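Throughout, protein chains are lettered first and strands after them, A, B, ... in sequence-line order, and every chain is numbered starting at 1. Values in this document were obtained by computation on a predicted structure and should not be read as measured data.
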Number of protein chains: 2
Amino acid sequence: MPDVTNNAISIGELSRLSGLSTHTLRFYEAEGILQPAGRNSGGHRQYHPADVLWLEFVLRLKQTGMPLAEIRQYAALRAQGETTLQARLAMLKLHRERLATRIEELSTCASVLDDKIGIYRKMITESGAPADEAVHATDPQSP
Amino acid sequence: MPDVTNNAISIGELSRLSGLSTHTLRFYEAEGILQPAGRNSGGHRQYHPADVLWLEFVLRLKQTGMPLAEIRQYAALRAQGETTLQARLAMLKLHRERLATRIEELSTCASVLDDKIGIYRKMITESGAPADEAVHATDPQSP
DNA sequence: GCTTGACTTCGAGTGCACTCAAAGCCCCAC
DNA sequence: GTGGGGCTTTGAGTGCACTCGAAGTCAAGC
């Protein structure tokens, strides 16, 4: 079924490549995230390398927590051509900043977690000793 | 209504402190994430500083993407007392590792985004020029 | 010629984490 | 005595991002 003359791939192959289900790929098309795919003689969707690259980028955006609605918006700009370059750049910059914020947030949480782990380790090695101040400030068991 | 003798706070005050709605706080209690709060003479919940600290930690875990089910599990261990220290430490360590993975993932995405932003900037300053190879490799508009 | 498997469309269902609404009660302060 | 905040239970609704099922078409391989 793949269009051999054109190195096009089927939805099943794109599914395998991307790790998304065929359901999801069609869902993305319906949502305007993927442009309507071309069809072969049998009416089957055929995807080209550019589609694969685009999908990879979409997955990156998703991975960083961009909601589908926003990805759709970006995709719509992209579909409108070069006149939307500025707008797309603005979106990417905004998202890049949010991403930086998120990474910082997670790093802070990681430190908190490290502290807590340290306290737990200490409590365990001093096993048998009753809860001390550090314990009480973290995971106190009241009674 | 706060129990002044005991520096306890009401659900409304905890809501203000934590940023969670009273609905959500009761929901967390029902889900076993917060231990059933003590009540005052009028049957109103009263929370103590230790509860506030615990809730803060819960929110940290949530912030890092730990699902409520897992937080509930951790809370259950905590409620069982000191014998579960090892188990809790194991959970924290596991989560810490996932967090590290996630941070790395986001950092990779950030680099990809930076590259893309660079390409866009270049395209815009060279404005008017037709799409070049770099363009084609990122956000090609086929037609 | 029949089975297999991939494809089609459409609409409904899932899981998470809330979020709200209703209905009706209590208690305290002003 | 009224307003405000709190309490209870139950059940439904929301938003996101899928996820699945039904019912049917089509082409290739045995």
Side-chain angles (χ1 to χ4, degrees), chain A residues 1-5 8-47 51 55 57-75 95 98 102, chain B residues 1-6 8-48 51 55 57-75 95 98 102:
Chain A
M1 318 80 180
D3 185 341
V4 183
T5 65
I9 62 173
S10 72
I11 194 169
E13 283 162 306
L14 185 57
S15 165
R16 258 156 258 139
L17 271 177
S18 64
L20 299 175
S21 69
T22 58
H23 279 301
T24 300
L25 291 171
R26 284 188 282 256
F27 170 75
Y28 279 6
E29 184 176 308
E31 293 291 298
I33 285 163
L34 300 179
Q35 286 181 287
R39 305 300 177 107
N40 67 12
S41 53
H44 291 193
R45 286 172 180 78
Q46 31 183 32
Y47 295 96
D51 298 317
L55 184 56
F57 183 62
V58 165
L59 293 182
R60 281 265 175 233
L61 292 179
K62 257 187 56 61
Q63 202 178 14
T64 56
M66 187 185 279
L68 288 196
E70 214 164 305
I71 299 178
R72 170 168 50 239
Q73 199 184 324
Y74 185 90
H95 189 60
R98 285 187 305 198
R102 180 79 183 128
Chain B
M1 316 81 182
D3 186 338
V4 183
T5 67
N6 217 356
I9 60 173
S10 71
I11 194 169
E13 282 162 306
L14 185 59
S15 165
R16 259 156 257 138
L17 270 177
S18 65
L20 299 176
S21 69
T22 57
H23 279 303
T24 301
L25 291 172
R26 282 188 282 255
F27 171 74
Y28 279 6
E29 184 177 306
E31 292 292 297
I33 284 162
L34 301 178
Q35 286 181 286
R39 304 301 176 105
N40 66 13
S41 52
H44 290 193
R45 285 171 181 81
Q46 32 183 32
Y47 296 97
H48 299 276
D51 298 318
L55 184 55
F57 183 61
V58 165
L59 293 182
R60 281 267 175 234
L61 293 180
K62 258 188 55 63
Q63 202 178 14
T64 56
M66 187 185 279
L68 287 197
E70 212 163 309
I71 298 177
R72 171 168 46 239
Q73 200 184 323
Y74 184 89
H95 190 59
R98 285 187 306 198
R102 180 76 184 130

(message) Would you say A/K62 places a side-chain N or O within less than 4.0 Å of OP1 or OP2 belonging to D/dC16?
(response) no

(request) To the nearest 0.5 Å, tell me how far A/I11 CD1 sits from A/R16 CZ. (result) 11.0 Å

(message) Please pick, from D/dC18, D/dC7, C/dC7, the nucleotide with the shortest atom-to-atom distance to any side-chain atom of B/I11.
(response) D/dC7

(request) Ignoring the backbone of B/H44, work out which of D/dT19, D/dG5, D/dT8 is nearest its side chain. (result) D/dG5

(request) Please report, rounded to the nearest Å, how far the P atom of C/dT19 is from the CD atom of B/E29. (result) 18 Å

(message) Strictly below 4.0 Å: does B/Y28 bring a side-chain N or O up to OP1 or OP2 of C/dC18?
(response) yes

(request) Could you state the atom-to-atom distance from CD1 of A/I9 to P of C/dA6 in whole Å? (result) 15 Å

(request) Give the nucleotide from the list C/dA17, D/dG6, D/dA17 with an atom nearest to the side chain of A/L68. (result) D/dA17

(request) Quickly work out the B/Y47 OH to D/dG5 P distance and round it to whole Å. (result) 17 Å

(request) Starting from P on C/dA17, measure out to CG on B/L25 and report it in whole angstrom. (result) 16 Å

(message) When you measure from the side-chain N and O atoms of A/R26 to the phosphate of D/dT19, is any distance below 4.0 Å, counting only OP1 and OP2?
(response) no

(message) Between C1' on C/dG11 and CD on A/E31, what's the gap in Å once rounded to a whole number?
(response) 14 Å

(message) The side chain of B/R16 is closest to which nucleotide in this list: C/dT19, D/dG6, D/dT8?
(response) D/dG6

(request) Quick one: do A/Y47 and A/L17 satisfy side-chain contact (heavy atoms from CB on, under 4.5 Å)? Show the steps, please. (result) CA-CA 12 Å; A/Y47 295 96; A/L17 271 177; over 6 Å; no

(message) Can you see if the side chain of B/R45 gets near the phosphate of D/dT8 - specifically, an N or O under 4.0 Å from OP1 or OP2?
(response) yes

(message) Please report the distance, rounded to the nearest Å, between CZ in A/F27 and C1' in C/dC10.
(response) 14 Å

(message) Return the OG1 to CD distance between A/T24 and A/E31, rounded to the nearest 0.5 Å.
(response) 11.0 Å

(message) Measuring only between side-chain heavy atoms, which start at C-beta, is B/Y28 closer than 4.5 Å to B/L68?
(response) yes

(request) For D/dA17, take OP1 and OP2 only and decide whether either is under 4.0 Å from a side-chain N or O of A/R72. (result) no

(request) Can you tell me the distance, in whole Å, between the CZ atom of B/R39 and the C1' atom of D/dG6? (result) 10 Å

(message) Rounding to an integer number of Å, can you tell me how far B/M66 CE sits from C/dC16 P?
(response) 15 Å

(message) I want to check one thing: is the phosphate of C/dC7, taken as OP1 and OP2, less than 4.0 Å away from some side-chain N or O of A/S10?
(response) yes

(message) Working note: B/R26 + B/L34, criterion side-chain contact (heavy atoms from CB on, under 4.5 Å); need CA distance, chi angles, decisive distance, verdict.
(response) CA-CA 9 Å; B/R26 282 188 282 255; B/L34 301 178; over 6 Å; no

(message) I want to verify a distance call: between C/dC18, D/dT8, C/dC20, whose nearest atom is closest to the B/H23 side chain?
(response) C/dC20

